[in-house]
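This report concerns only the one structure given below.
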Amino acid sequence: MKERLLEKVESAVAKLLAEAGDSGAAPAVSLEVPRQAEHGDFACNAALVLAKRLKQPPRQIAERLMEALASGDGLIERMEVAGPGFVNVWLAEARWHDLLTRILAAGPEYGRATPETKRSIQVEFVSANPTGPLTLGHGRQAVLGDCIARLLEAVGHDVTREYYFNNGGRQMRVLGESVKARYLEALGRAAPPRAQSLASPDAEWPEQIDGLPVVFPKDGYQGEYIAEIAASLCERFGDTKVDESAEGLFREAAETKIFGEIQETLKRLDIAFDVYTNEKSFYDDGKIEETIAALRERGLVYEQDEAVWLKATELGLDRDRVIVKRTGEPTYLLPDIAYHRDKIRRGFDCIIDVQGADHIEQFPFVRDSIAALGADPSRIELVMHQFVTLTQGGTQVKQSTRRATYVTVDDLIADVGADVFRFFMVQRRAEGHLDFDLDLAKDTDWKKNPAYYVQYAHARTCGVERKAGEQGIALPEAASVDASPLVLSEELALLKKLAEFPDVVSDAAAAREPHHIAYFLREVAGLWNPYLQDGVHHRILSDDPALTSARLGMAAAVRTVLANGLQLLGITAVEQM
RNA sequence: GCCCCGGUAGCUCAGCUGGAUAGAGCAGCGGCCUUCUAAGCCGCGGGUCGCAGGUUCGAGUCCUGCCCGGGGCGCCA
């Protein structure tokens with residue numbers, strides 16, 4: 001519909017340019033759905049864009065554009081020149097009625113697209129190290145990354161979801177030490193540090209308490225889950241592992257257990273990764289050495305203060321960075337460069353890193369380093385997101401990662417369910433802070449909850465269709481539905497809204513911004529729920545068979561769009577509530 | 001001090017890569033509705049789009065400077 005109109009506009013523009021003897025490339029013109037319905041179904045800015053090229057007042061060009069657009073093909077109902085030189089266009093009602101057939105025929109495919117060039121895209125997200133349960137920040141990233149992946153799939157690309165985690169560094173060593181300390185404490189071989197010592201990094205830290213050594217690391221993981229892992233080791237092994245190193249059994253036991261739980265959490269959110277990559281593998285297969293050698297060959301590496309540095313200033317960055325510490329252990333940066341190099345080599349056309357605001361500083365170093373090693377940096381994108389705050393009863397809920405007194409993704413899923421969780425996490429644009437309103441999310445009467453509002457619109461539609469079935473009314477076939485009885489303004493408004501869906505999807509995919517889908521669905525539900533509710537002025541199931549059939553067709557079209565949109569957000573399109 | 005992200009209605013936020021009179025939900029107030037599934041409809045109030053310049057036919061949107069909030073600036077990840 002819009003495409004047909006756009007084609008007409010483009011050829012009209014070409015005609016005007018040709019008449020003016022201008023053989024240059026035609027400028028990009030847009031067709032927008034105006035904010036106000038009085039401005040037509042579409043507003044075209046072509047005359048404004050052309051004004052300079054043709055050296056004529058925009059309104060005058062708009063008049064000529066209208067003449068060029070006028071033809072008897074039944075697409076356009078009427079046009080007007082408005083404002084500074086917009087051409088407002090109203091399409092013939094019958095064209096909107098055609099749309100209904102198209103939506104019903106497309107079904108689950110409506111809104112999906114086939115790209116001009118199919119690309120292979122990797123989306124890396126979550127990537128939390130297995131040191132504890134997923135936090136709300138991870139939860140936001142999980143939903144964001146998965147929705148971006150779903151959008152890219154919907155517009156026809158090959159998508160790989162990947163999770164990268166670090167299981168080699170200091171963090172994991174501290175994890176092992178924390179578990180071992182709790183193990184020894186459980187066996188009475190060590191004393192737990194005092195609460196006030198744990199509360200603050202500056203607090204006093206006695207080496208012994210009541211004659212027992214304090215072995216818990218100062219920056220150890222304080223969460224209850226650590227003690228639970230230790231307790232299960234006690235149960236399995238008794239005191240036979242007191243001499244085992246923290247690096248070995250304890251670290252591995254913790255990693256296995258915690259990573260398993262993270263995967264369970266992701267499963268609850270209906271998120272499945274295709275590939276898990278860990279840092280250790282790059283040590284094992286020599287990619288770390290290879291990367292450092294390549295950087296060295298490019299003259300980007302030097303040694304100073306017994307450490308190995310990356311000469312990032314030579315790449316135009318603001319400072320150099322250590323890539324191998326004095327201890328001989330690489331920093332996080334080096335494996336990250338090796339990892340991204342590996343991604344490029346795996347042949348993805350596009351690599352999308354989804355990262356939290358605390359990680360973004362790292363990105364230019366990685367990107368510019370692998371660019372220096374010959375990779376095309378335009379193939380790597382960063383999608384950044386800000387943190388999540390939790391509000392309950394009008395005040396912020398305090399989160400402390402250090403003390404492990406934070407609300408986890410699992411906690412919230414248990415409270416509000418995966419569907420509401422996903423909706424709330426994806427409904428804001430990523431660059432902004434996200435305020436998770438717990439009261440709203442778990443509102444039991446569901447009056448204000450936007451997630452339920454959309455789901456309900458879908459369920460309610462299914463309800464009407466069920467009722468039609470009970471009354472022996474056949475649901476219309478896509479090919480045979482006659483939508484012409486749909487003449488009410490609210491019905492046409494709905495059809496026009498549904499027509500926007502494919503554009504909304506492709507724009508959201510191109511911008512990597514799934515929140516547009518959430519807003520769009522809210523708008524559709526905002527038109528549809530009132531329509532259904534007002535069963536006095538317009539009932540779907542009426543005495544008039546033609547009208548009933550048309551309205552059932554519209555209901556099916558709305559249901560289709562809601563279901564397809566919810567699918568893009570990974571939210572269940574429930575049939576009954 | 002430097003870098004990144006925000007600042008739009010009482011609150012939480014959209015604003016489609018520069019378009020017309022800046023929108024939604026919630027909260028408040030006043031009416032109506034009782035239904036195909038409850039969560040419905042209409043109206044009202046509420047805004048110097050952080051501030052000041054600039055770019056142009058046109059700026060919430062782009063540029064510059066400043067103010068406020070968050071995050072970062074490690075031989076942590």
Side-chain angles (χ1 to χ4, degrees), chain A residues 30 32-36 38-39 43 45 48-49 51-52 57-58 82-86 88 127-129 131 165-166 169-172 174 219 279 305-309 318-319 321-327 329-333 335-336 356-364 384-387 389 391 394 427-437 440 445-450 452-453 456-457 459-468 471 500 503-504 507-508 510-511 513 515-516 518-520 522-523 525-526 529-542 551 555 576-577:
Chain A
S30 74
E32 296 187 353
V33 178
R35 288 188 183 127
Q36 279 145 339
E38 312 89 74
H39 291 146
N45 70 345
L48 296 159
V49 175
K52 230 174 220 171
F86 290 101
N88 293 339
S127 294
N129 293 338
T131 60
F165 64 101
N166 179 306
R170 205 188 70 93
Q171 262 196 358
M172 295 307 289
V174 173
D219 53 354
E279 184 196 14
D305 303 329
E306 300 168 61
V308 181
W309 291 71
D318 60 345
R319 68 195 164 98
R321 296 278 304 269
V322 170
I323 50 176
V324 181
K325 299 185 242 179
R326 190 179 305 166
T327 59
E329 198 177 20
T331 61
Y332 180 79
L333 182 56
D336 216 11
D358 56 339
H359 269 251
I360 57 169
E361 211 234 355
Q362 182 86 357
F363 184 75
M384 189 221 59
H385 69 90
Q386 292 287 340
F387 295 138
T389 53
T391 304
Q427 70 175 332
R428 305 296 182 214
R429 76 187 194 284
E431 312 88 85
H433 281 105
L434 188 139
D435 187 45
F436 196 107
D437 185 339
L440 185 60
D445 73 4
W446 304 346
K447 266 183 187 170
K448 311 157 195 165
N449 196 320
Y452 287 124
Y453 190 82
Y456 178 59
R460 207 178 199 185
T461 311
C462 295
V464 173
E465 292 178 319
R466 274 195 301 273
K467 184 150 186 165
Q471 296 180 7
E500 292 175 32
D503 271 358
V504 171
D507 288 351
E513 288 179 344
H515 73 276
H516 293 302
Y519 271 87
F520 176 78
R522 182 63 184 72
E523 285 172 12
N529 272 333
Y531 183 90
L532 282 173
Q533 181 78 8
D534 185 359
V536 175
H537 296 102
H538 35 60
R539 298 181 68 86
I540 289 175
L541 308 177
S542 69
R551 285 178 174 168
Q576 221 160 349
M577 287 179 79

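These numbers come from the heavy atoms of this one structure, side chains and all, not from hydrogens, waters or symmetry mates. Sequence lines set the chain letters: A, B, ... in the order given, protein chains first and strands last, and positions in each chain run from 1.
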Handout entry: Partner residues of A/Arg551 under the salt bridge (Lys or Arg N to Asp or Glu O under 4.0 Å) criterion, sequence neighbours left out
Key = A/Glu491

Exercise for the section: Identify, with sequence neighbours excluded, every residue that meets salt bridge (Lys or Arg N to Asp or Glu O under 4.0 Å) alongside A/Asp503. Expected result: A/Lys2

With a 4.0 Å cut-off on heavy atoms, is [X] in touch with a base, just the backbone sugar-phosphate, or nothing at all?
X: A/Ile323; value: nothing
X: A/Glu523; value: nothing
X: A/Ala508; value: nothing
X: A/Arg551; value: nothing
X: A/Pro450; value: nothing
X: A/Ala459; value: base

Any side-chain heavy-atom pair from [X] and [Y] closer than 4.5 angstrom?
X: A/Tyr531; Y: A/Ile540; result: yes
X: A/Phe387; Y: A/Leu434; result: no
X: A/Trp309; Y: A/Ile323; result: no

Protein-nucleotide distance ([X], atom [atom1]; [N], atom [atom2]), rounded to Å:
X: A/Leu532; N: B/rA39; atom1: CG; atom2: C1'; result: 12 Å
X: A/Asn529; N: B/rA39; atom1: CG; atom2: P; result: 11 Å
X: A/Arg466; N: B/rC36; atom1: CZ; atom2: C1'; result: 11 Å
X: A/Tyr519; N: B/rC13; atom1: OH; atom2: P; result: 9 Å
X: A/Phe520; N: B/rC13; atom1: CZ; atom2: P; result: 23 Å
X: A/Gln427; N: B/rC26; atom1: CD; atom2: P; result: 13 Å
X: A/His538; N: B/rG40; atom1: NE2; atom2: C1'; result: 11 Å
X: A/Arg429; N: B/rU8; atom1: CZ; atom2: C1'; result: 10 Å

Which base sits across from [N] as a Watson-Crick or G-U pair, both distances under 3.5 Å?
N: B/rC2; value: B/rG72
N: B/rG58; value: none
N: B/rG65; value: B/rC51
N: B/rU34; value: none
N: B/rC26; value: B/rG10

Among [options], which nucleotide has an atom closest to any side-chain atom of [X]?
X: A/Glu32; options: B/rG19, B/rC36, B/rA20; value: B/rG19
X: A/Met384; options: B/rU12, B/rU35, B/rC5; value: B/rC5
X: A/Arg539; options: B/rU35, B/rA38, B/rG6; value: B/rU35
X: A/Asp435; options: B/rC13, B/rG19, B/rA38; value: B/rC13
X: A/Glu431; options: B/rA14, B/rA38, B/rG6; value: B/rG6
X: A/Arg428; options: B/rG19, B/rU37, B/rA14; value: B/rA14

Problem - side-chain N/O A/His39 vs B/rG19 OP1/OP2, d < 4.0 Å - result: no

Handout entry: Salt bridge flag under 4.0 Å for residues A/Glu361 and A/Arg319
Key = yes

Problem - Sidechain N-carboxylate O distance under 4.0 Å for A/Asp305, A/Lys325 - result: no

Problem - Ring-on-base stacking B/rA20 with A/Phe86 (under 5.5 Å, under 30°) - result: yes

Problem - Whether A/Tyr456 stacks on the six-membered ring of B/rA39 base, 5.5 Å and 30° limits - result: yes

Fill in the blank from the handout: Judged by whether its glycosidic angle lies within 90° of 0, B/rU12 is anti

Problem - Toward the 5' end of RNA chain B, by each residue's nearest nucleotide, A/Leu440 or A/Arg460 - result: A/Leu440

Fill in the blank from the handout: With sugar-phosphate taken as primed atoms, P, OP1 and OP2 and all else as base, the protein-contact string of nucleotides 70-77 of chain B at under 4.0 Å (heavy atoms; B, S, -) is BSSS-BSB

